[in-house]
Amino acid sequence: MAKYDPSTIEPKWQAYWDENKTFRVDDDTSKPKYYCLDMFPYPSGSGLHVGHPEGYTATDIICRYKRKCGYNVLHPMGWDAFGLPAEQYALKTGTHPATTTAKNIDTFRRQLKMLGFSYDWDREVNTTDPDYYKWTQWIFCELYKKGLAYIAEVPVNWCPELGTVLANEEVIDGKSERGGHPVIRRPMRQWMLKITEYAERLLDDLNLVDWPTGTRVMQEEWIGQSFGAEVDFKVNGHDAQVTVFTTRPDTLFGATYMVLAPEHHLVGQITSDAVSAEVGAYVEQAARRSERDRVQDVASKTGVFTGAYATNPVNGKSIPIWISDYVLASYGTGAIMAVPGHDQRDWDFAKTFDLPIIEVISGGNIDESAYSGQGELVNSGLLDGLSVADAKKTIIDWLESNQSGQGTVNYKLRDWLFSRQRYWGEPFPIIHTEDGEIRLAEQSELPIRLPETENYKPSGSGESPLSNVSDWVNVTLDDGRLGRRETNTMPQWAGSCWYYLRYIDPHNDEQAWDPEKEKYWMPVDLYVGGAEHAVLHLLYARFWHKVLYDLGHVSTPEPFMKLIHQGIILGEDNQKMSKSRGNVINPDDVVNEYGADAMRLFEMFMGPLEATKPWKTTGVDGVRRLLDRIWRLAVDPETDALRVEDSAAPDDIQKALHRTIKKVTEDIEGMRFNTAIAAMMELTNLLTKSNHHGRDALEILVQLMAPFAPHFSEELWARLGHQESIAYVKWPQYDAALIIDQMQTYAVAINGKMRAQIELPRDVAKDDALAQARGLENIQRHMDGKTIRKEIFVPGRMINLVVS
RNA sequence: GCGAGGAUGGCGGAAUUGGCAGACGCACUGGAUUUAGGUUCCAGCGGGGAAACCCGUGGGGGUUCGACUCCCCCUCCUCGUACCA
């Protein structure tokens, strides 16, 4: 082999790493730890696309670098393998989802190994493995015992076509995200997790983590904390009261009507006979539309008067009670007091139905629009003359002392719908006994395995296919009672909520993980994955983690300290890659043509990690050329002999070498891989141009390349005469003294325009520098006949002469 | 609407955070080597201009000796979100 040939050296070194367990990690607590986590993939049937290796290459570079810096690095990989596609494939072909999943995982693993990622494969986890989901079930038991899991009849997104209930995020425009089938709302018995109980801490503890601001903001908005008050309005002529939530209790005197959500439990009770038909029709119509549909049309307001009135506790005034779908049943109390003077939605509604509008905050013009700014309270009795902030305090005190309400904090966050009507998910460790008890499995009974079956069809009633497997569903308890297993399964999020903990101790069959190991490895230092998980996965995982923290199972309040989202890689046509557009790049093809190291380099060279950027196959030529050139610096392409000399590097090369060490080190730390590669290209260009083959220079360059192009670097390192893998060879250090220039090039400008350059000693005195600059020929020419007004001297950089 | 991010050569992108705009790479052009090249090497490559110079980082204003960088206004793009009381 004369030329650089990735197709022979890459498999060679992958085999070497496998055989020597080069990247196996021990719990060596004498070394500082670094836990670097990739979001594990769903092993789809189509295999890896080029987007996956982007994040994985970035973390692999960090990990390989950290190892060389003496860290004990945990860098694992696994499979988030439950999910609908394998089940749908089973329906179509009869292939068991486990078979499909195993096959897909084999493809993914092969592709990841092909790219030379330094995972500790002994720690691979698979969410569908009973030895894994045993502990997912165990965590559910812990949640249940803590009172955080409950059953509720909740209106859910029922998709008849898929025979399953979908999460809100899986419904787009009233259609299922997968397949585009119609979705309707229907109440169903569901498992819920009380994530709302953790709302405040999930919000506050965002301060403990180093996350992208966009992601933090999204989580904050999703949690949606707002401060306000609950106010009780007595319904006239009924033994009932309507409690509303408002963030503007200061505007209580401006409430001119109330609105209940159509689903509000009091609607039936308070509606007067005269309008019951009309109200009934409106309620029915609202029920047919999904919540998402209902909020589509923000501009126009609809609603119906119930015929009932309520009394404003603060002034005893009677105000009409309406129903409208602009009030959401699932937020706050499902009822509002309407203050059209100071809330645009209420204003729009009041205008539509000709309801009175009263000004209670001065400063706006309520004839034109609602005024939501600051101002002085007016028409508000005891609040008159106060500021908005003071009025809020005063009225909350008044409400509390008059038993008419209290200050509260409200959240947009809702409890987590945690059951799916599917086969291919974790079974709940729950038996419903004939006498109505909900019996949780003992730990010794876990895992509750998925039964083998040929029938994956949804029962149609809404129950999962598991209900078809009667000898699994029906059980007799030790005490002789009969029972039915829970037939719902857990959502795909379940397994991904805690996989990072299982990596710590993946083969433990006594417990989910050893607390001592957890203390050493947690928290995750760096977590890299797609921005599409900014809210759901990351919020759910944080929730579980906090519960586990409260139960003493983990030692840190937050699981993921630093978070980075890799950008999306577009097709060469600047469009999102998709099969239908035919612009998908297959990593296998790229590796075949250019090699894995070139693929890795190019993924990093394209641009900043977090940016969205288009793929360009000819661009791979550039990084491949880098590898070829470095190769030729070390190996004679004619004879395949090493052509390294032991001669010392001249000063300019020495300087460039140490500058490159500095640059690459800092860029890796800052995850600026594109500029790190550019720096190595510059060094390579210099060595090539200088025809320099010094051992010192080459060894350093190979070391710097090692995290980026690991096979290539191992091969050259070995050829350079080293017996050991380069993986743990100490990262090169730069000598700061060698980087300093004794002479520096200054730009000399007149009125800010660069007119000349001058070489000056590093420690040149200002006056000296200015004098020399003034003497330059081109400077003289530009100053001719003008007076110097000001002289700027920036040490090491430039001189600016201001003339007129 | 709201929130976050962005706009720099033909293209992807750099710019030590206020100090020589366009590093590095792709594409392209010219030259050398080669029987040949999707090879290698050398040189060029923002626009205008023989040149001196002039213009140039989405647009407009401002601060400054000096602005891709800071401030104000506007346009467009991408992502997220959407009556949350």
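Chain A is the first sequence line, chain B the second, and so forth, proteins listed ahead of strands; every chain is numbered from 1.
Within the nucleic acid shown, A/Val794 comes within 4.0 Å of at least one base atom, counting heavy atoms only. Among the heavy atoms of the strands, none lies under 4.0 Å from A/Arg624. Residue-level contact check: A/His782 touches the backbone only, with heavy atoms under 4.0 Å from sugar-phosphate atoms and none from bases. A/Arg632 comes within contact range of the sugar-phosphate backbone alone, with a heavy-atom separation under 4.0 Å but no base atom that close. At the heavy-atom level, A/Glu791 lies nowhere under 4.0 Å from the strands shown. Across all strands shown, A/Glu593 has heavy atoms under 4.0 Å from base atoms, whether or not it also approaches the sugar-phosphate. In this structure, A/Met754 reaches the bases: a heavy-atom distance under 4.0 Å links it to at least one base atom across the strands shown. At the heavy-atom level, A/Pro608 lies under 4.0 Å from the strands shown only through sugar-phosphate atoms.
Annotation: salt bridge (Lys or Arg N to Asp or Glu O under 4.0 Å) contacts of A/Glu359 (sequence neighbours excluded): none. Scanning for side-chain hydrogen bond (donor to acceptor under 3.5 Å, both in side chains) contacts around A/Gln406 gives A/Glu230, with sequence neighbours left out. For the salt bridge (Lys or Arg N to Asp or Glu O under 4.0 Å) test, no residue two or more places apart in sequence or in another chain qualifies with A/Asp621. With sequence neighbours left out, A/Gln344 forms a side-chain hydrogen bond (donor to acceptor under 3.5 Å, both in side chains) with A/Asp348. Here A/Asp343 pairs with A/Arg345 under the side-chain hydrogen bond (donor to acceptor under 3.5 Å, both in side chains) rule; sequence neighbours left out. For A/Lys616, the salt bridge (Lys or Arg N to Asp or Glu O under 4.0 Å) test picks out no residue, with sequence neighbours left out. For the side-chain hydrogen bond (donor to acceptor under 3.5 Å, both in side chains) test, no residue two or more places apart in sequence or in another chain qualifies with A/Arg762.
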When you compare the protein's N or O atoms with those of nucleotides 65-69 of chain B, which come within less than 3.5 Å of each other, and at what distance?
residue: B/C65; atom: OP1; partner: A/Lys790; partner atom: NZ; Å: 3.2
residue: B/C65; atom: O2'; partner: A/Asn800; partner atom: ND2; Å: 3.3
residue: B/C65; atom: O2; partner: A/Asn800; partner atom: ND2; Å: 2.6

Grab the N/O contacts between the protein and nucleotides 25-27 of chain B below 3.5 Å, and write none if there aren't any.
residue: B/G25; atom: OP1; partner: A/Asn685; partner atom: ND2; Å: 3.1
residue: B/C26; atom: OP1; partner: A/Arg625; partner atom: NH1; Å: 2.2
residue: B/C26; atom: O2'; partner: A/Lys616; partner atom: NZ; Å: 3.4
residue: B/C26; atom: O2'; partner: A/Thr618; partner atom: OG1; Å: 3.1

Could you go over nucleotides 46-49 of chain B and give all protein N or O partners under 3.5 Å, atom names and distances?
none

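How far CG of A/Leu801 is from CZ of A/Arg755: 11.5 Å, rounded to the nearest 0.5 Å. To the nearest 0.5 angstrom, A/Glu54 atom CD is 8.0 Å from A/Thr57 atom OG1. Distance check, rounded to the nearest 0.5 Å: CZ of A/Phe708 to CZ of A/Arg600 gives 9.5 Å.
Taking the P atom of each, B/C76 and B/G59 are spaced 15 Å apart, rounded to whole Å. Taking the P atom of each, B/G56 and B/G66 are spaced 15 Å apart, rounded to whole Å. The same atom, C1', is picked in B/G38 and in B/C74; the two are 48 Å apart, to the nearest Å. Using C1' as the reference atom, B/C20 and B/A27 are 27 Å apart when rounded to the nearest Å. Comparing the P positions of B/U78 and B/G12 gives an interatomic distance of 15 Å, to the nearest angstrom. Comparing the C1' positions of B/A50 and B/G31 gives a spacing of 23 Å, expressed to the nearest Å. Nucleotides B/A67 and B/G5 are separated by 25 Å at their P atoms, to the nearest Å. Using atom P as the reference point in both B/A23 and B/G46, the two lie 8 Å apart (nearest Å).
Remark: aromatic rings of A/Phe605 and A/Phe673 are distant, center separation not under 6.0 Å. For A/Phe353 and A/Tyr257, the gap between ring centers reaches or exceeds 6.0 Å. Note: A/Phe602 and A/Tyr594 fail the aromatic proximity criterion, with ring centroids not under 6.0 Å apart.
Taking 90° from 0 as the syn/anti boundary, the base of B/G47 is oriented anti. B/U17 has its base syn relative to the sugar, with a glycosidic angle deviating from 0 by at most 90°. An anti orientation is assigned to B/A32, its glycosidic angle lying beyond 90° of 0.
Mapping A/Arg672 and A/Thr745 onto RNA chain B by nearest heavy atom places A/Arg672 at the nucleotide closer to the 5' end.
Atom CZ in A/Phe602 sits roughly 12 Å away from atom P in B/G12 (whole-Å rounding). Taking atom CG of A/Asp348 as the reference point, atom C1' of B/G1 lies 13 Å away to the nearest angstrom.
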Chi angles and distances behind the side-chain contact (heavy atoms from CB on, under 4.5 Å) call for A/Leu413, A/Trp222: CA-CA 6 Å; A/Leu413 185 68; A/Trp222 190 266; 3.6 Å; yes
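Closest to the A/Thr688 side chain, of the nucleotides B/A4, B/G13, B/C41, is B/C41. Nearest nucleotide to the side chain of A/Pro614, out of B/G12, B/A85, B/A23: B/G12.
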Dot-bracket summary - RNA chain B, pairs being Watson-Crick or G-U whose distances fall under 3.5 Å, with | when paired to another strand: (((((((..(((......[....))).(((((.......))))).(((....)))..(((((..]....))))))))))))....
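Between A/Asn778 and B/A52 there is no side-chain N or O to OP1 or OP2 distance below 4.0 Å. The side chain of A/Lys753 places an N or O atom within less than 4.0 Å of a non-bridging phosphate oxygen (OP1 or OP2) of B/C55. Look at A/Arg781 and you'll find a side-chain N or O under 4.0 angstrom from OP1 or OP2 of B/C53.
Residue pairs satisfying the side chain to side chain donor-acceptor pair (under 3.5 Å) criterion with at least one member in residues 676-688 of chain A, sequence neighbours excluded, are listed as follows: A/Arg629-A/Asn685.
Of all non-hydrogen atoms in A/Ser372 and A/His342, the two that sit nearest each other are CB-O, 4.0 Å.
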